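Everything numeric in this text was worked out from a predicted model, so none of it was measured.
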Amino acid sequence: MTEDMTEAMDDAPAMPDADAAMATITDYWQTHYNMGHGSMVASKFAEDGVLWGSSGAMLYGREAIGEGLQSRMDAGGSEVAIHPGAAMAFGDQIVARGHYVLTGGDARNSGYYMAVAENMDGEWALKGMVANLDTPDQTMSAGAMMDMPEGMGGDLIQASGDYFVTHHNMGHASMVANTFTEDAVAMLPGERAREGRAAVEEGLQALFDAGVTFSGMSAWSAHDLDEGHAVGVGTYGTESADGAGGGHYAALYSRGEDGSLMLHWFLMGAHQGM
């Protein structure tokens, strides 16, 4: 190794401790949510951050997120318990997943979340957080909902969504599952997370056997994290005997040997009909 290479390595910024960074954010969120401080929770978001809740309501921008959270706090007197899961660092960005439980009175809602945080001048801020519900008998008010802002670069992941829809609707659960990594985690609506490709295939087959097909997936925003990974969010529509439905999704993708995107973490939130 040359002296120049050694100096370059010494000068390179240290990779962040992703788990510690996300634990700081989630601890702060839990503490101030439970104290009824909506604007303080929102302060952990970037100015243009997005909160896409389990009800399907999207809040865009720090101010709107603070107002939306405060409205929920004032209406329900609920408390949240956040349980961080895995986190992965990609330079100045972190992608994380976890589980939450929201309680208030006799009500209880729980589900999974995915989040993207970015290092902004030495401080970690949430660029986006997306959540779902993990049991089918939960209800949650959508609350205030803004018009969705224009999407940003969703073309990166659109082909993945199109493949998912086409082969799911043909009953090819194994072909859809083969677009997941071997150690994938799928957080499908109304159930506990499935870990591993075989478990994901079982979940997709059960969805098809229940008569649920997809009318489409529309990528809303996506970007590369590094040469081997990308992250994106979007919406989907469903059709079943109970009528039309839909929801939102978030995903962390890993590039396969052929350069194609494979789903590594996948979260779906159902709004109705699924």
Exercise. Only one of N132, D134, T135 clears side-chain hydrogen bond (donor to acceptor under 3.5 Å, both in side chains) with S110; which?
Worked result: D134
Exercise. Pick from K127, H223, H229: which one makes a side-chain hydrogen bond (donor to acceptor under 3.5 Å, both in side chains) with Q93?
Worked result: H223
For this session: Could you please spell out the steps behind the side chain to side chain contact (heavy atoms under 4.5 Å, CB included) verdict for M35 and M40?
Result: CA-CA 10 Å; M35 294 176 71; M40 293 185 72; over 6 Å; no
For this session: Walk me through it: do E79 and V101 pass the test side chain to side chain contact (heavy atoms under 4.5 Å, CB included)?
Result: CA-CA 8 Å; E79 291 193 356; V101 178; over 6 Å; no
Short question: side chain of [X], backbone of [Y] - any donor-acceptor pair under 3.5 Å?
X    : Y    : value
Y112 : V130 : no
E239 : T213 : no
H168 : V212 : yes
Q70  : G36  : yes
D92  : M120 : no
N169 : F214 : yes
H248 : S55  : no
T166 : D162 : yes
T31  : D27  : yes

Which pair of non-hydrogen atoms, one from [X] and one from [Y], has the smallest distance, and what is that distance?
X    : Y    : answer
A177 : L204 : N-CD1, 4.1 Å
Y236 : P189 : OH-CG, 4.3 Å
A250 : V233 : CB-CG1, 3.7 Å
S174 : E201 : CB-OE2, 3.4 Å

For this session: Test L207 against L188 for side chain to side chain contact (heavy atoms under 4.5 Å, CB included), laying out the working first.
Result: CA-CA 10 Å; L207 202 61; L188 302 178; 5.7 Å; no
Can you check whether [X] reaches [Y] side chain to side chain, under 4.5 Å on heavy atoms?
X    : Y    : value
Y113 : S54  : no
L252 : F90  : yes
L261 : Y163 : no
L126 : M22  : yes
Y33  : I82  : no
W124 : T24  : no
Y100 : T26  : no

Are [X] and [Y] in one and the same hydrophobic cluster, where Ile, Leu, Val, Met, Phe, Trp and Tyr link if side-chain heavy atoms are under 4.5 Å apart?
X    : Y    : result
Y60  : M114 : yes
M217 : M262 : no
V165 : Y253 : yes

Problem set entry | Centroid separation F164 to Y249 less than 6.0 Å |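 Not under 6.0 Å, so no.
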Let me confirm one number: the [atom1]-[atom2] distance from [X] to [Y], rounded to the nearest 0.5 Å.
X    : Y    : atom1 : atom2 : result
W29  : I25  : CH2   : CD1   : 10.0 Å
L102 : N109 : CG    : CG    : 6.0 Å
I94  : D19  : CD1   : CG    : 8.5 Å
D224 : L156 : CG    : CG    : 5.0 Å
R197 : L263 : CZ    : CG    : 10.5 Å
M73  : N34  : CE    : CG    : 8.0 Å

Exercise. With respect to M129, which candidate in V50, L59, L51 satisfies the side chain to side chain contact (heavy atoms under 4.5 Å, CB included) definition?
Worked result: L51
Exercise. Just wondering, are more than 12 heavy atoms of other shown residues or ligands nearer than 6.0 Å to CG in D258?
Worked result: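 Enclosed: over 12 neighbouring heavy atoms sit under 6.0 Å from CG of D258.
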Problem set entry | F180 and F266 aromatic ring geometry - parallel, tilted or perpendicular at 30°/60° bounds |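 If you compare the ring of F266 with that of F180, the planes turn out perpendicular.
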For this session: Please name all residues satisfying salt bridge (charged side-chain N to carboxylate O under 4.0 Å, His left out) with E47, sequence neighbours left out, ordered by chain then number.
Result: R62
